[in-house]
Amino acid sequence: QVQLAESGGGLVQPGESLRLSCVASGPINRIEIMAWYRQAPGKQRELVASIEDGGSTKYADSVKGRFTISRDNAKKTVHLQMNSLSPEDTAVYYCNTVMYVEYALNDYWGQGTQVTVSS
């Protein structure tokens, strides 16, 4: 029923940019928080950035000044603009939402999109 469709990942050279997108669909009543996580090989999943319903944002220290998260409430979409990418940014990036679905508040995850930055 509920789906988070991620797109925008790929292979880029250091210093280049990518823009990730995530579209939520299904019987959604309201999306409270939208966020991006990432998991690199051999490492734990970590929060990259989040954005609340009112627009407040948070970023991991490692991406501040390089990444920008935004959302379009009407389209139930969240974006992550990633600039000045480095090999350390290589990971599977996951869309995450905290939202009401059929009037129940829960946490949802996308399937992930691969970002690879060559060195």
Side-chain angles (χ1 to χ4, degrees):
Q1 287 282 340
V2 174
Q3 184 176 354
L4 299 180
E6 299 137 321
S7 62
L11 174 64
V12 297
Q13 300 296 316
E16 295 183 346
S17 299
L18 282 173
R19 187 177 189 242
L20 305 183
S21 298
C22 173
V23 181
S25 62
I28 301 167
N29 304 115
R30 180 184 176 90
I31 304 176
E32 297 293 335
I33 303 171
M34 306 188 84
W36 288 96
Y37 287 74
R38 68 185 181 187
Q39 187 166 23
K43 300 187 67 176
Q44 293 185 321
R45 187 171 300 185
E46 64 174 348
L47 176 66
V48 178
S50 66
I51 183 167
E52 299 178 0
D53 187 35
S56 298
T57 59
K58 295 181 180 179
Y59 296 93
D61 288 341
S62 60
V63 307
K64 286 182 179 178
R66 299 189 298 121
F67 291 9
T68 302
I69 189 170
S70 61
R71 63 188 283 172
D72 186 329
N73 291 333
K75 297 181 179 180
K76 297 182 176 63
T77 300
V78 62
H79 303 283
L80 184 67
Q81 178 67 43
M82 305 185 295
N83 298 328
S84 301
L85 287 164
S86 71
E88 294 184 355
D89 296 314
T90 295
V92 177
Y93 285 70
Y94 296 91
C95 179
N96 170 256
T97 64
V98 177
M99 56 188 183
Y100 287 92
V101 176
E102 297 179 330
Y103 308 105
L105 186 64
N106 284 112
D107 206 20
Y108 295 87
W109 293 89
Q111 81 289 341
T113 183
Q114 178 71 47
V115 172
T116 302
V117 185
S118 66
S119 60

Give me each pair satisfying ring-ring contact (aromatic ring centres under 6.0 Å, His included) with a member in residues 63-98, each pair once, sequence neighbours excluded.
none

Provide the full list of ring-ring contact (aromatic ring centres under 6.0 Å, His included) pairs with a residue in residues 26-52, sequence neighbours left out, each pair given once.
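Only Tyr37-Trp109 qualify under ring-ring contact (aromatic ring centres under 6.0 Å, His included).
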
Where is the tightest heavy-atom contact between [X] and [Y], given as atom of each residue plus distance?
{"X": "Ile69", "Y": "Ala35", "value": "CD1-CA, 4.2 Å"}
{"X": "Val115", "Y": "Gly9", "value": "CG2-CA, 4.2 Å"}
{"X": "Asn83", "Y": "Ser17", "value": "OD1-OG, 2.9 Å"}
{"X": "Val92", "Y": "Gly112", "value": "CG1-CA, 3.8 Å"}
{"X": "Ile51", "Y": "Ser70", "value": "CD1-CA, 3.9 Å"}
{"X": "Thr97", "Y": "Met34", "value": "CG2-CE, 3.9 Å"}

Output all residues satisfying side chain to side chain donor-acceptor pair (under 3.5 Å) with Ser84, sequence neighbours left out; order by chain, then residue number.
none

Filter on salt bridge (charged side-chain N to carboxylate O under 4.0 Å, His left out), then keep only pairs touching [range], sequence neighbours left out; what's left?
{"range": "residues 22-36", "value": "Arg30-Glu32, Arg30-Asp53"}
{"range": "residues 34-43", "value": "Arg38-Glu46, Arg38-Asp89"}
{"range": "residues 56-65", "value": "Asp61-Lys64"}
{"range": "residues 10-22", "value": "none"}

Pairing residues for [X] by the side-chain contact (heavy atoms from CB on, under 4.5 Å) criterion, not counting sequence neighbours:
{"X": "Leu11", "value": "Thr116, Ser118"}
{"X": "Thr68", "value": "Tyr59, Gln81"}
{"X": "Gln111", "value": "Glu6"}

Report yes if some heavy atom in the side chain of Met99 is under 4.5 Å from a heavy atom in the side chain of Val2; otherwise report no.
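Of all side-chain heavy-atom pairs linking Val2 with Met99, at least one is under 4.5 Å.
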
Check whether any side-chain heavy atom of Ile31 sits under 4.5 Å from a side-chain heavy atom of Asn73, and report yes or no.
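Sidechains of Asn73 and Ile31: no contact.
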
If hydrophobic clusters are built by linking Ile, Leu, Val, Met, Phe, Trp and Tyr wherever their side-chain heavy atoms come under 4.5 Å apart, do Leu80 and Val98 end up in the same one?
no

According to a hydrophobic-cluster definition based on side-chain heavy atoms being under 4.5 Å apart (Ile, Leu, Val, Met, Phe, Trp, Tyr only), do Leu18 and Val23 belong together?
no

Pairs touching residues 27-89 that satisfy disulfide (SG to SG under 2.5 Å), sequence neighbours left out
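The answer is none; no pair qualifies.
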
How about Glu88: does its CD atom have over 12 heavy atoms from other parts shown lying under 6.0 Å from it?
no

Give every residue pair that meets the side-chain hydrogen bond (donor to acceptor under 3.5 Å, both in side chains) criterion with at least one member in residues 98-108, sequence neighbours excluded.
Asn96-Asp107

Does the Thr90 side chain pair with the main chain of Val117, one donor and one acceptor, at a distance under 3.5 Å?
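Yes; judged by distance alone, with no hydrogens or angles, the pair exists.
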
Look up atom CD1 in Ile33 and atom OG in Ser50, then write down how far apart they are to the nearest 0.5 Å.
6.5 Å

